[in-house]
Amino acid sequence: MTTVDPTNTTHVDPNAVSLTINGKSVSARKGDLIIAAADKANEFIPRFCYHPRMAPAGMCRQCLVEVEGPRGPMMVVSCMTPVAEGQVVRTETEQVKKAQEGVLELLLANHPLDCPVCDKGGECPLQDQAFSHGPGESRYVEEKRHYEKPIAISDNVFLDRERCILCDRCTRFADEVAGDALISFTSRGNNTQVMTFPDEPFSSYFSGNTVQICPVGALTAKPYRFKARPWDLDQVESTCTTCSVGCRTVVQSSRDELVRYQGVDIDPVNWGWLCDKGRFNFEAINSEDRLSTPYLKDAHGNHVATTWSSALETAARMIRTSLATSPESVAIIGGARGTNEDAFAWAQLADAIGVDQRDAQLADGLPAEVFSLAQATIDEAMAAQTIILLAPDLKEELPVLHLRIRDVAQKRKAKVVEITSRPTGLTPSAWKSVMVEPGKAASTIRAGLDQSILKQIGSGTVSVVVGRMNLAESAESVVLALAEILHVAPQAKVLPVLRRGNVRGAITAGLTPQRGAADTAEILALAAAGKIDTLVLLGSDPLSDVPDADLARRGLAGARNIISIDTFMTPSTSQADVVLPAAAYGEKNGTTTNLEGRISNIAQKITPAGTARPDWMIAVELASALGKDLGLGSVEDVTAKLAKTVAQFAPAADTKALRHDGVVMNRLTPITLNRAEAPANDRNSYDYRIVSFRKLYDSGISTAKSPSLVTLAIGATVVVHPLDLDRIGVQAGAHVQVIGEKATVVLPVSTSEDVLRGTAWLPFNQPGNDAREMFDVNATVVDVRIEKLS
Amino acid sequence: MSRLTDANVVIAKEIIARYPRAKSALIPLLHLSQEQNGYITREAMVQLGELVGVTSAEVYGTATFYEMFRFEPVGKYLINMCGTMSCALMGAGELMHHAEHKLGVKAGGTTDDGMFTLAHAECQAACTEAPTLQVNYRYRFRVTPADFDSLIDDLRAGKLADEIPQHGVLAKVRQRIPADKGVGAVAPEDVTEGPAWLDGKPAL
Amino acid sequence: MSSYPHAPGFVAGDRPKVVTSRFEYTDSFTIDRYLATDGYTAIRKALSKPAAEVHDEVKGATVLGRGGAGFPAGTKWGLTPQNVWPRYLVVNGDESEPGTYKDRLLMERDPHQLIEGCLIACYAAGLSQCFLYIRGEMALAQERVATALNEAYAAGYVGKNVLGSKFSVDIVLHWGAGAYVVGEETALIESLEGNRGMPRLKPPFFPAANGLYGQPTIVNNVETLANLPWLINNGVEAYTAIGTKTSPGTRMVAVSGHVKRPGVYEIINGITTFRDLLYGEEFCGGIRNGNSLKAFVPGGGSAPWFTPDQLDLPFEASQVGPAGSMLGSGAIMVMDETTDIPAAALTLTHFYAHESCGKCTPCREGGTWLERILTRVVNGTGTDADLQQLIEVGTSICPGDFPHASNEALGLAAVPFPYKMTTICFVGPSAYAPIHSALTLFRSEFEARVTKRITIPVTAVGVAQ
């Protein structure tokens, strides 16, 4: 007779490991460390150097535990010892307690115990664990180590070596995670200290993370130093919208003022990391320059403060008058900087009044059809065997995505193939970098990539990270190249990397040209031709962002009425007839969508500046002034209606799911991109072809209005290969004239071996003379001459 | 001159080529730099970082870990006096007192004429010949105060110039792997199969 | 028994010479001398057999590692994972354990023997590149090995197709820059990768599986490898005929300190006793000036100390361990009756505190703390509480009972080796070992140095309960 044990028929996970921790049965996965398994089982083991996102160092020795071995209990560090089947772990025996107390006493031996004046006091792992796992008193009566304190190791990070317990977290982070090994242990033994190379700052885009993960107050950040005590802080979890990666954050305030952002670890996106721009740009929200009241332009062209009711009335009148002519005389540019709710409410308003000319992109993005290709989430893109980058320098534009790709490349989990016109932050980690002249990516791929690359692409899963690799090159040029890649890698999934905070959400919520209406470039051209009566700028600044300065200028000049909804008086806002102050990030609730289509909540922490209010509310009120009821009374209403109305947003109906990890929006049925012969883009008499993309720190408001960041923008410049500089006949640092078909711009010149010969790299939107004067939104590429000043 | 000379850059590249990963050459290259300049300069660290593909901070981190690297000029002769147990048992302490008196500097100091730097050192692996010292890493065994005096006198008189090179020079012979004889270093990820001689048959 | 002026420190005897047979020649380091004395015959012999057979011979001879841990080399080679390539050989010539030297002599006096040993190891264990890491301060050893390698490459013994066979291997001379801890094999690998020489935790970083560049790596001591040419030439039987079954062959031992004839001796493993070594006429000939023996360190500065009670123990790990110490790197430091014990312990504690890499908290902070307290005690400004504090700090580095020797006069039973430790490597415990030994065996010398601290009872007055 056969008996079937039902438990035997269940699938047995070959990687499951069961062990005992303090008598408790714990299940873990093969390869897990004891400390991680204990965390999952809520058995806290004290630790300082262990960090779940970095390779274990086994340095502080605080996490010693006992493991039953063949020769009795062995003392091991739980941060480097993997779990094993049947393992018996004890974390609270007398001997373990004594060892942990011993280590803590030794860690405190040279620590200054200046907790009352230390920023970390109150949220300090050393302080907390000295209390929970320490001996209670120190017997150390010797002189402590002394160092100069604190020293600035970068513009924003201070180092106090006396407080440092040498856990190797910051140095491991800089090397392993950021790839900016600009701090290191120096000297040895009892004199070991963390230092930069002499006179070379820790200028990493990710330096703030070292402050966050420092388990003591050794590293502090200038923007937060002495601003608040942890017990005074109010906080709420949110999603960063500085760029479209959508890092999860905690927004902290004290006395209704933002004082700090901290990274939150979520698996699908940022793993706890933030870039320094996203971390420190809360300063801009606190800026004195914030718009706090509506303005109307008077007859002399001056902005005069007014009430909301008169401003809304004026705006409504303008729109009504224009609509009376034709709905085509009204256009909306922007919306990518707000929430999904902001965008949706404005789309609803536009629908209600029949305005099809709306575009959240500023002629610096890609056609919305990239969202209709087979999509990859960040995780899916990272899980591919080959990752193809047809993108700008992600370290500059989407820094935490850069970290994610660098991680898989460094750990050799995927091979990164980069197609670029200039080496990027990922070039050192890339398996192959295919350098292409601007405008020639499609034809280069069509002509045939290297056999080894084709073999690699053909051998497994592929993801393509696609964005505007060069703002002086057309979007079409990118789409053509993408079509060629998808031709050789038809199995590939695409991760579009449009940069602006909520651009994907805004487009999906409806702020994209409807029924073939004009996009931003076309709207501006129509405006320049006098065909736009009322132009609404929804948190957008075409004068700074559209990669064609002349077109933007003519467009804004040609529009009869401009209504601007913004947080600052930007160059474009200052041209507006009606200025409506918008609530900024941290001042409003809602949801946002990141580049992969992940919807997650953003949260209000402080009261908006002055009478500023969220964009969605402005839409509702404007609609009401126009006699339309959008049926939206609260932000929750907007989210609910969005989830019901727009199929892709349906998952957002589960509002609980929007917290923490968020939910990925529904995907569209994939389409296929058609290949087409790319234009030859041959050189004319001009010598240099422009490559331009953004640096992390530029003239954008979040940098320009944050005192800690504003000095970090490199300033307008033109960079050429050293051999080309000889050809121009000037020294680095000299001013040269960059002569394009549309304009001549005078810029300081510098050199880099990274710049391909015959190309000139110009950082986009930097303080100084504006390179965009030479850009042409209708040209595939921009060619220039560079000459000595006469 | 603090960056490597062109001739030394050639040597540096030869050394780097012997390793599957360039950073492995860092300590030998720091020695090469110290051999050239007598100590490690800031510029040298920057250059070495470029040569092996790491940041200056990483070069600095490695360099400061090791005691032989000096970041300030030292005397023409660095006299390292062993003071670990066997030497201490055999009078290293007294010898150090004598040396300080003879040279007129405390341990760690350099004589005014820049000739001698006197330093404490740890076990020099010559314990049976205690007390020992090294001058620019050349041994002197069972050193008596009188031996020390005559050593100093001989060094001052230039009598030992042949035997004891300037500070920074270790081996006076460099390894050279002839191009036609060397196997060559291969990055580990480029090695896909085991060595040819593991075929179960004699290699000869 | 004789000494050679050209090989200061070495004392030859009328015993089998496995690794020092050429030391008598003034030109022992040249390739001509090497070839004239059976040089490079062992590699030819090895290459005429399948690699696995050579590996079996080394395994069969139980060639114990001579670096300190005493793990059999043949077994170590077998720990590499199957089918993971490349594998490397790293030669540990970073000899710096206080009291120890023999590798320096082997490199200076017979570099070709070492090179041939490397070739045999690489052939037998399928190692495709060898890095020969010599301590930075050993300029002469570097020079001799560099010269020997240049000669060996030119003659076709090293490099592509050794002796015209299908065996090819590069031996790269590498040299350190002054850091004791780099003698620890994982720190040695870090250093060889161009990093700070900080030890890695085993597991997961067992070099045989995950060593240089994350590849399988065999780390062998210089003396261990120097044994191989003789072994291959003379066979397993001849090798194991010397010494005992568990400790076959010979080993080099340095005896320093207060003996009449300090020196490096090649002794027969397993049977020679400490008494033989310290008092035998063919060895050190007794304590200097007819003094009596107070204590000795039996296995390098890290080892717990022995007193005359342990003199009759042989050079055999399985007996020395249970007696409370270790053989370590083959170094004996002898203290006679005149020795100031606390001061002697301080030189060693200072050494290990100074040489701490700084990675593990207990060693970095505890080592220096120990040194400071002991300095105070030695200077006569310590208190009796300091003596207890030394034990307390030591216990934070090595929890539980620390090994020590038995002592009849004190009525102490031995606590066997090894100790438990809260650090990755032995540097931290080594800072405590001399203190623990000295305090256990010679406590009265410490007590005589310290002031007795009087505790004045303080009563709180006026505190509301």
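None of the values given here were measured: they were computed from a predicted structure.
In this structure, C:W369 has its ring center under 6.0 Å from that of A:Y140. For C:Y419 and C:F417, the ring centers sit closer than 6.0 Å to each other. A centroid separation of 6.0 Å or more is found between the aromatic rings of C:Y432 and C:Y352.
Between the side chain of A:T196 and the backbone N or O of A:L182 there is no donor-acceptor pair closer than 3.5 Å.
Using a 4.5 Å cut-off between heavy atoms, C:A385 makes no contact with chain A at all. For chain A, the nearby parts of C:K359 are the backbone and the side chain; heavy atoms of each come within less than 4.5 Å. For A:L107, the parts sitting under 4.5 Å from any heavy atom of chain C are the backbone and the side chain alike. For A:P73, the part lying near chain C is the backbone, with the side chain staying farther off; criterion is any non-hydrogen pair under 4.5 Å. The parts of C:T422 that come within reach of chain A are both its backbone and its side chain, each placing non-hydrogen atoms under 4.5 angstrom from that chain. Only the side chain of C:R196 comes within less than 4.5 Å of a heavy atom of chain A; its backbone N, CA, C and O stay farther away. In this structure, the portions of A:E143 lying under 4.5 Å from any heavy atom of chain C include both its backbone and its side chain. Residue contact with chain C, scored on non-hydrogen atoms closer than 4.5 Å, involves the backbone and the side chain of A:F185 alike. Only the side chain of A:V77 comes within contact range of chain C, with at least one heavy atom under 4.5 Å from a heavy atom of that chain. Proximity to chain C is limited to the side chain of A:Q95, based on heavy atoms less than 4.5 angstrom apart. With a threshold of 4.5 angstrom between heavy atoms, A:S187 approaches chain C through N, CA, C or O but not through any side-chain atom. C:T423 touches chain A through its backbone: at least one of N, CA, C or O sits under 4.5 Å from a heavy atom, while the side chain does not.
Remark: the A:Q193 side chain and the A:R161 side chain contain an N/O donor-acceptor pair separated by less than 3.5 Å. A donor-acceptor pair shorter than 3.5 Å can be found between the side chains of C:T186 and C:E184. Side-chain contact check for A:T91 and A:E43: no donor-acceptor pair (N or O, by modelled atom type) lies under 3.5 Å.
Contact tally against chain A (heavy-atom pairs below 4.5 Å) for C:C357, C:P399, C:S396, C:P203: the top residue is C:C357. Taking A:K98, A:E101, A:M80 one by one and counting their heavy-atom pairs under 4.5 Å with chain C, the maximum is reached by A:M80.
Ring pair A:F44/A:H133 is tilted by interplanar angle, where 30° to 60° counts as tilted.
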* Might you work through the salt bridge (Lys or Arg N to Asp or Glu O under 4.0 Å) test for C:R376 and A:E142, ending with a clear yes or no? => CA-CA 11 Å; C:R376 197 156 58 222; A:E142 326 296 322; 2.7 Å; yes
